[in-house]
Colleague: 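Structure below; questions to follow.
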2 protein chains.
Amino acid sequence: MPKPTIVEVARLAGVSNSTVSRCINNPEKVDRKTLARVRKVIEETGFRPNLLAQSFRRGRTDIVLVVIHNIGSSIFSDIIDGIRGVLGDRYSIILMESRSEEQGHSRFIDLLVARQVVGVILLCSSPPFSRKLVELDNFPRLPVVIGLEPISEDLASLPSVHIDNHQAAFDATRYLLDSGHREIMFVSGERGSLITQDRERGFVAAMAQAGIADGAARILHAELSIQGGIAAAHRLFGRETRPTALFCANDDIALGVMSVAPRFGLAVPADLSIMGFDDTIYAAMANPPLSTVAQPTRDIGERAARRLLRAMERPDETPAGTDELAEILPHRLVIRQSTAPRLA
Amino acid sequence: MPKPTIVEVARLAGVSNSTVSRCINNPEKVDRKTLARVRKVIEETGFRPNLLAQSFRRGRTDIVLVVIHNIGSSIFSDIIDGIRGVLGDRYSIILMESRSEEQGHSRFIDLLVARQVVGVILLCSSPPFSRKLVELDNFPRLPVVIGLEPISEDLASLPSVHIDNHQAAFDATRYLLDSGHREIMFVSGERGSLITQDRERGFVAAMAQAGIADGAARILHAELSIQGGIAAAHRLFGRETRPTALFCANDDIALGVMSVAPRFGLAVPADLSIMGFDDTIYAAMANPPLSTVAQPTRDIGERAARRLLRAMERPDETPAGTDELAEILPHRLVIRQSTAPRLA
DNA sequence: CTGAAAGCGCTTACAG
DNA sequence: CTGAAAGCGCTTACAG
């Protein structure tokens, strides 16, 4: 048997389509008896409105798109929990990996332009996305909020929720300096992203404040992954002068470095202190447990979702008008056993 | 200015809506000159078909839903790469966490019933999903393929792609036995899932073959996470007789156990051999690197996608007719340094 | 190769 | 509180 439509329900209940529609969407506007009768028919027939038709007719869905870099990264898990907690009941959340865009399987723009989604939370604002979004600005504004990563230049007008990456990198570097280290290097992320730049400036500033002027020369770029960390370690430990402390742009890089260190005769933290970033669940599992910079992931998700909610509910309101464009959340140094005072 | 519709394009190009529609969907059926003219207008106006209208009209989308347990788990990353490689150009892939279902933010059924998706790949077939799917069977069949986990009883009629979990657990246990261990325990997953049962039977069988009859008594149930491993370790190491080897249902459990072992004075692998499951990227990073059972993740993704493709393209064909319902892929023992022969 | 026409399943003013 | 009617933007036989 074919799926029942609203027409069929109306016929069986002896009312008009309009009334059935109201029973679904505005039950308070319907007479109690009518409502009961219609609901009974809906129950009996197993009718469910065709969401495709509904969305089409209304010109909007109730789907929020959350873009992450890749699903393998555990840091997104908490953020998305936060998002779901805020958006959960009213909106569906679909996930998209920005990675897939890079691979050329691009549905992103289709989703947006076709108004298949009502809002977007960008948990990564890497170049391919930002450019595409900007190219879209001749289309009606779609609410977009950036979480986790600070905005790229392209997206400077969008609201965002993230930590102060400059300060976080400054604090982490400062901690290593205070532990007596001088030969510190920063294994940073991919060149060019704003988040990377922020952190690099924080690193350089902390080094400069400690009287080390060539901070910028002590920055290495790596892919933000275990592989990236391993590759960086090989470049790093092959040199004549080795650092005594390493600050890494994320925990995966730090774990990669840590796995390679023994092969170069380096013990962590005796010979080499390592500091990560993100405080993923694997940081605490490392041996030795990894010191790192924690971000309030769940909170980032919740706040990003709240801002998106506001933007979706009041599309007329200029985001800049409400409050600060960027919402800055506190970070926290988590000191474990991968860092230690420099041996004299 | 409002978004142009097909009507507007037709007017500007001096043709009918039908022709514009053909230019988009069946350009080969349109005169070259006409096509060029229409395409020019499309270009100039920036027209893009409203996918919502398109999908509604066609009664189908081009969206495939992939359900994973949670995005924090790195094992899904490769699988989804595989899926995307096969499905990528023709279909959009959206991800859904089954976790969110458990939290009650259920959009799953809506997505299916409303035909907002044309196919589903279930990378977890835990109870809430399987039950809901089964309840749906009065609705038109939606192509569904199960990957990674073997089917649950509820979903016995669906095609699936996975390793032989019974054999894999048997092989892993056998390896520990061959290394001289007798006091082996299996830290299994949550009770009741079919994949767990398969592995438990494999464990018991290997133990029995080695003359250890009480294998079933040597099974512990844990949540498939680092936390689960930590909790299991506390239960386990508090006992009087401690095992000399542990086989864990996934790498996260193994890592959790490994992180706790030192607190009980247990060195890995000297006092305790630990074997994981899945070979996630973090297994190789552990200290000592974790021995584990590798699944051909990318291949699982690709094959699941191919089966789904076939099911979507030939909806009439009974899945059972094509070939075996379950496609079994080879697993592989990856022996690193967390396992060692039992000390005499 | 092209156009006129019907229709997908809903929602939404509008009138009563 | 309810119904008749129009219409959202497309696609698809059908006729020419």
Colleague: Nearest 0.5 Å, please: how far is CG in Leu329(A) from NE2 in His162(A)?
Modeller: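 Answer for the NE2-CG pair, His162(A) versus Leu329(A), is 9.5 Å.
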Colleague: With sequence neighbours left out, what residues match Phe76(A) under ring pair (Phe, Tyr, Trp, His ring centres under 6.0 Å)?
Modeller: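 Testing Phe76(A) for ring pair (Phe, Tyr, Trp, His ring centres under 6.0 Å), a comparison that skips the adjacent residues, returns none.
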Colleague: For every nucleotide of nucleotides 8-16 of chain D, 5' to 3': is a protein heavy atom under 4.0 Å from its base (B), only from its sugar-phosphate (S), or from neither (-)?
Modeller: BBBBBB---
Colleague: Please name all residues satisfying side chain to side chain contact (heavy atoms under 4.5 Å, CB included) with Glu44(B), sequence neighbours left out, ordered by chain then number.
Modeller: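 Only Lys40(B) meet the side chain to side chain contact (heavy atoms under 4.5 Å, CB included) criterion with Glu44(B).
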Colleague: With sequence neighbours excluded, tell me which residues meet side chain to side chain contact (heavy atoms under 4.5 Å, CB included) with Arg298(A).
Modeller: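 Arg298(A): side chain to side chain contact (heavy atoms under 4.5 Å, CB included) contacts with Asp81(A), Glu302(A).
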Colleague: Whenever both distances are under 3.5 Å in a Watson-Crick or G-U wobble pair, mark it; put DNA chain D into dot-bracket that way, with [ ] for crossing pairs and | when the partner is on another strand.
Modeller: |||.||||||||.|||
Colleague: Mind checking the OG1-CG spacing from Thr61(A) to Leu51(B)? Nearest 0.5 Å is all I need.
Modeller: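 One gets 11.5 Å once the value is rounded to the nearest 0.5 Å.
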Colleague: Is a donor on one side and an acceptor on the other found under 3.5 Å between the side chain of Arg307(B) and the backbone of Val161(B)?
Modeller: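 Checked: no pair found.
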Colleague: I'd like a table of donor-acceptor pairs (distance under 3.5 Å, sequence neighbours excluded) in which one partner is a side-chain atom from residues 22-30 of chain A, with atom names and distances.
Modeller:
{"unit_1": "Asn25(A)", "atom_1": "OD1", "unit_2": "Arg58(A)", "atom_2": "NH2", "d": "2.8"}
{"unit_1": "Asn25(A)", "atom_1": "ND2", "unit_2": "Ser21(A)", "atom_2": "O", "d": "3.1"}
{"unit_1": "Asn25(A)", "atom_1": "ND2", "unit_2": "Ser21(A)", "atom_2": "OG", "d": "3.4"}

Colleague: Look at Ser16(A) and dA4(D) and indicate whether a side-chain polar atom (N or O) is within less than 4.0 Å of OP1 or OP2.
Modeller: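 The answer is no; no side-chain N or O of Ser16(A) sits under 4.0 Å from OP1 or OP2.
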Colleague: Out of Leu65(A), Val67(A), Leu122(A), Ile121(A), which one pairs with Val144(A) under the side-chain contact (heavy atoms from CB on, under 4.5 Å) rule?
Modeller: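 Among Leu65(A), Val67(A), Leu122(A), Ile121(A), the one that satisfies the side-chain contact (heavy atoms from CB on, under 4.5 Å) with Val144(A) is Leu122(A).
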Colleague: At under 4.0 Å between heavy atoms, what does Thr34(B) touch on the DNA or RNA strands: base, sugar-phosphate, or nothing?
Modeller: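 The answer is sugar-phosphate, as Thr34(B) gets under 4.0 Å only of primed atoms, P, OP1 or OP2.
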